[in-house]
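What follows is a single structure, written as structure tokens, with notes after it.
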Amino acid sequence: MKKIKAAVVGLAGVLALTACSASGSSGSADQLSVVGFSVLEAANEPVFADFKATDAGKGVDFQTSYGASGDQSRAVEGGLKADYVHFSLEPDIQRLVDDNLVAPDWNTGPTKGIVTSSVVVFVVRPGNPKHIEGWDDLIKPGVQIITPNPASSGSAKWNILAAWAHITGNGGTEAQAKEFVKKFLGNTIALPSSAREATTAFSGGNGDVLISYENEAIVARQKGEDFDYLVPDDTLKIENPGAVTIDANPKAKDFLDFLLTPAAQEDYAAFGFRPVIDGVTLPQVEGANDPANPFPVPAKLFTIADLFGGWSVANDKFFDDETGIIPALQAETGKTE
Amino acid sequence: MVKVSTPVRWLLRLVALGYVFLLVAWPVALIVQHTFANGFATLSETLSDPHVQHALLLTAQVAFWAVLINTVFGVTISLLLVRYRFPGKKVLSALIDVPLSVSPVVVGLSLLLVYNGRTGWFGPTLEAHGLQVIFNSPAMIMATCFVALPLVIREVVPVLTEIGDDQEQAARSLGANARQTLWRITLPSIKWAVIYGVVLSLARSVGEFGAVKIVSGNFTGQTQTATLMVEAQYQNFEHDQAYATSFILAAVSVICIVVVSLLRPKEQHS
Amino acid sequence: MSQGATLAAARPALRRRAGSRTNLTSGSSLGLGIAVTWFSLLVLIPLAALVATAAGGGWDEYIKTLTNEQTLAALKLTVGQSFVVTAINVVIGTTIAWVLVRDQFFGKRILDVIIDIPFALPTIVAGLVLLTLYGKGSPLGLEWANTELSVPLALAFVTLPFVVRTVQPVLEELDADVEEAAASLGAGRVTIFRRLILPSLAPAIAAGAALSFARAIAEYGSLVLLSGNLPFHTEVVSVRVLSFIEGGNTAAAASVATVMLAVALIVIVALDLVQGWVARRG
């Protein structure tokens with residue numbers, strides 16, 4: 001009995017000694033804290049590995065946290081440590097600029113701060129039983145839509161603005177666009193907090209169509225999820241920004257530079273992200289509708305800058321809590337957070 | 001003792017066994033089946049993932065500290081409540097039970113409000129002195145302590161009450177001082193109660209999910225415990241690994257229950 | 001079967017030996033001081049911060065948050081389903097306790113261990129466990145995940161042990177002589193159960209029901225994967241609070257959390273009263 005007691009105490013002691021280091025710096029390696037939006041996790045793994053194989057990346061250790069873009073941005077604002085942040089849309093970086101956590105010149109580089117790109121797509125059940133081909137099919141009665149919650153998710157904002165763009169980009173008025181988005185929201189049966197949670201809800205059997213990133217549809221299919229997706233004839237270009245924080249480890253800047261090289265962009269392409277620089281050889285993208293030609297260009301591709309005057313205008317106009325168009329529409333349809 | 005008629009007895013057995021089987025036994029068995037569907041391959045693949053290893057180690061560490069703190073606190077409070085008089089005793093006794101009924105989400109939120117590094121009551125001051133609580137292990141340990149707080153106390157208090165202090169009084173009349181009485185008489189007499197409390201606290205601490213999720217920031221490989229890892233694996237379409245990690249956690253809980261169940265009869269001989 | 005109760009979910013007041021209580025010495029004062037300080041830092045101050053934050057916006061803001069349609073739906077769902085599950089537990093829990101105490105069959109010990117699994121199992125694992133039998137691809141064809149049945153299912157799972165473990169010790173200690181006497185005087189089995197046994201069990205059942213209700217209201221982890229968290233259909237209060245927290249709206253989160261806290265406190269007070277009443281009746 002005494003020996004067992006001694007063994008237990010010994011084991012406990014060992015555990016205790018190692019306990020202190022849960023968050024403490026291990027000192028030896030450079031540690032980069034990466035805070036990203038929800039769908040990045042799988043794609044970042046090979047990117048980290050390739051970076052560590054470069055000279056600049058030797059000895060770097062990554063700590064990662066993923067979640068809904070808005071929530072993650074607020075978490076960093078609230079004290080979550082980050083050296084590099086990669087969010088779904090520009091306003092989530094702007095929040096940190098306003099809080100003096102990211103330098104105001106973050107978006108003056110060659111790609112204007114954009115690191116990954118995608119388009120808004122429709123994810124449907126195998127065989128597309130409800131024959132959803134375009135945006136107008138979404139507002140038909142009885143069609144159940146899943147899209148994330150704009151209060152927390154970046155993907156949600158892209159989705160809603162894509163719906164708006166379908167009307168105004170094709171010559172419609174703002175009033176018509178409001179009507180359309182109102183019907184769109186009326187058909188949503190769930191507003192999960194992030195793009196990834198929306199995918200999980202959809203694959204759990206809820207809804208007829210999921211509005212999501214093209215890369216998320218591709219990654220889900222790579223992992224064996226059984227659904228189809230389609231790129232509608234007109235859709236919105238998604239641009240995900242990345243930035244280094246002000247007090248970051250200097251290696252973070254090296255990492256960001258690496259992300260804009262063909263090697264990293266190829267890694268991202270393999271997971272369904274559209275490259276943001278030229279000179280990237282596309283690999284076979286499993287999970288895409290056509291792995292040899294994974295990124296078809298839609299007939300009409302709208303951008304935030306062209307159609308909406310940029311996020312600095314659009315974010316307040318559409319998503320401000322008090323005066324935004326979308327929260328008002330949500331209140332009208334009863335579908336709030 | 002009244003004997004029920006045979007058909008009634010069989011009906012009761014059927015209802016009881018059927019309910020427990022459909023609700024608990026079969027689902028748990030299915031987890032085991034899913035985990036070992038490919039032999040040991042899934043389990044070893046999961047265990048060799050460094051993120052999973054870190055998550056399991058982190059859970060063990062957080063649980064260790066939470067159980068230790070709760071045991072020391074629990075025994076102290078139990079002794080004070082049963083053997084001493086002091087103002088506010090009844091209030092303290094009632095408040096001790098609060099953590100058992102509070103939702104883990106409420107626990108996480110309340111700790112966040114106080115220890116948050118930017119807007120918390122104490123957080124900014126603590127961080128100015130270099131102690132980061134939220135998004136770091138101290139908050140995770142505190143959240144785990146909170147939810148398991150009453151468990152040791154609820155085991156020890158009834159035993160202390162029932163034993164009475166005859167032996168302590170005898171010891172004191174023979175000249176033992178307070179410390180000797182504590183170490184040689186009181187603590188050994190509650191040994192088994194403390195052990196049950198420790199094992200139950202361990203099971204509860206390993207299993208905590210909601211409160212830790214809120215205060216940890218869920219940093220993969222950093223502040224992600226085993227329970228958070230299960231959620232992440234499931235959401236990353238890694239269902240097999242989620243089942244395997246769940247199996248490990250379920251095995252720990254079941255072992256704890258079985259240990260207590262086996263130890264209890266011994267109490268009558270000691 | 002000896003004290004099979006692995007849990008001391010709610011112990012009835014035990015016979016008390018004469019134990020004198022002493023006043024605090026300097027050593028024990030120090031111990032009390034440290035313990036109370038720790039308890040304050042861990043429990044009291046955070047809960048106070050919760051109430052303060054909820055009250056921060058004023059009464060109007062508080063009511064506005066609580067009467068938000070989606071929040072109200074979550075509250076109604078949570079309270080309603082907790083009641084339903086508690087009612088089920090009262091019947092089933094007493095039955096199981098009866099079978100454990102008064103019946104003998106092979107494998108009874110295993111049943112005893114299985115009852116405690118929901119208490120010790122991590123809640124997220126409980127959700128996953130239930131998904132295997134009641135989710136997509138269910139062997140029984142019962143695909144309840146993401147439907148409204150998923151909520152009572154998960155709540156029933158996590159609250160299973162409570163009534164069983166409060167009733168079991170009382171049932172074990174029931175005096176057989178009284179029942180024999182009643183039987184010999186001609187009372188039928190049903191009468192004996194209704195007039196003798198049930199009243200003795202009533203406080204224990206009430207205690208178990210209170211604990212079961214409180215636990216059900218507070219549940220979070222098992223519902224995360226199982227219920228789909230669909231607003232107005234399967235979204236419970238704890239999920240709603242988490243949405244507020246993640247959205248940075250701590251005031252709304254705190255407001256809803258105070259409601260949950262109030263329920264927990266009411267349950268504790270009720271339990272305390274029941275146990276005091278039992279103690280007085282001896």
Side-chain angles (χ1 to χ4, degrees), chain B residues 1-2 12-13 15-16 19-20 23-28 30-31 34 73 76-77 80 84-86 94 97 101-106 109-111 113-114 121 142 145-146 154-155 158 161-162 164-165 178 203 207 209-210 214 227 230-231 234 242 246 249-250 253 256-258 260-261 264-265, chain C residues 2-3 6 8 11 14 16-17 19 21-24 27-28 31-32 35 38 42-43 45-47 49-50 53 92 95-96 98-99 113-114 116-117 120-125 128-130 132-133 157 176 179 183 189 192 214 218 220-221 225 238 241-242 245 253 257 260-261 264 267-268 272:
Chain B
M1 194 105 82
V2 164
L12 292 178
R13 270 188 210 173
V15 167
Y19 187 79
V20 173
L23 190 61
V24 183
W26 194 1
V28 173
L30 282 174
I31 283 271
H34 278 265
F73 174 78
T76 309
I77 285 281
L80 288 166
Y84 292 91
R85 275 192 289 268
F86 53 87
D97 273 335
S101 306
V102 173
S103 173
V105 170
V106 173
L109 175 62
S110 51
L111 287 174
L113 289 172
V114 176
W121 286 11
M142 288 179 77
C145 275
F146 192 126
R154 291 166 74 84
E155 292 289 334
T161 315
E162 188 173 354
D165 63 350
F209 172 68
I214 294 178
T227 47
V230 170
E231 187 192 24
Y234 189 80
S246 297
L249 290 172
S253 332
C256 285
I257 301 173
V258 169
V260 175
S261 172
R264 270 209 203 255
Chain C
S2 59
Q3 286 271 42
T6 310
R11 294 222 177 200
L14 294 171
R16 285 168 195 263
R17 302 260 193 98
R21 309 269 166 102
T22 51
N23 284 326
L24 290 174
S28 48
L32 182 65
W38 169 245
L42 186 68
V43 178
I45 296 180
L47 291 180
L50 193 73
T53 311
I92 298 274
T95 308
I96 297 177
W98 182 278
V99 167
V113 168
I114 295 180
D116 279 332
I117 289 181
L121 202 66
T123 49
I124 184 84
V125 174
L128 211 59
V129 159
L130 288 172
T132 59
L133 188 56
F157 184 98
E179 289 174 51
R189 285 191 285 251
I192 293 180
Y220 169 67
L225 299 179
S238 45
V241 172
L242 190 69
I245 296 175
M260 299 174 78
L261 190 62
V267 165
I268 293 175
D272 213 47

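Every chain is numbered from 1 and lettered A, B, ... according to where its sequence line falls, protein lines coming before strand lines.
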Part of [X] lying under 4.5 Å from any heavy atom of chain B:
X	answer
C/Tyr220	side chain
C/Leu225	side chain
C/Val99	side chain

Looking at chain B, which one of [options] has the largest number of heavy-atom pairs inside 4.5 Å, strictly under?
options	result
C/Ala214, C/Ala49, C/Gly27	C/Ala49
C/Ser28, C/Gly221, C/Gly31	C/Ser28
C/Ile124, C/Val125, C/Leu50	C/Ile124
C/Leu261, C/Val267, C/Ile245	C/Ile245

Gap between atom CG of C/Leu42 and atom CE of B/Met142 - 0.5 Å precision |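 Result: 5.0 Å between the selected atoms.
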
Working to the nearest 0.5 Å, report the span between OG1 of C/Thr95 and CZ of B/Arg13.
->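 Between atom OG1 of C/Thr95 and atom CZ of B/Arg13 there are 14.0 Å.
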
Return the option, out of [options], with the maximum number of heavy-atom pairs under 4.5 Å with chain C.
options	result
B/Leu23, B/Leu12, B/Thr76	B/Leu23
B/Val258, B/Leu80, B/Ile214	B/Leu80
B/Ser110, B/Pro104, B/Ala94	B/Ser110
B/Leu109, B/Val20, B/Val28	B/Leu109

Heavy-atom closest contact ([X] atom, [Y] atom, distance):
X	Y	value
B/Ala16	C/Ile96	CB-CG1, 3.8 Å
C/Pro122	B/Leu249	CG-CB, 4.0 Å
B/His34	C/Thr132	CD2-CG2, 4.0 Å
C/Ala218	C/Met260	CA-CE, 4.2 Å
B/Tyr19	C/Ile92	CD2-CG2, 3.3 Å
B/Ser253	C/Leu121	OG-CA, 3.8 Å

Look only at the side chain of B/Ser261 and the backbone of B/Ile257, and say whether a donor-acceptor pair between them is shorter than 3.5 Å.
->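 Checked: no pair found.
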
Counting only non-hydrogen atoms closer than 4.5 Å, does [X] touch chain C with its backbone (N, CA, C, O), its side chain (CB onward), both, or neither?
X	result
B/Thr227	both
B/Phe146	both
B/Ala250	both
B/Leu111	both

Where do C/Val43 and C/Trp38 land on the side-chain contact (heavy atoms from CB on, under 4.5 Å) test, with the steps shown first?
-> CA-CA 8 Å; C/Val43 178; C/Trp38 169 245; over 6 Å; no

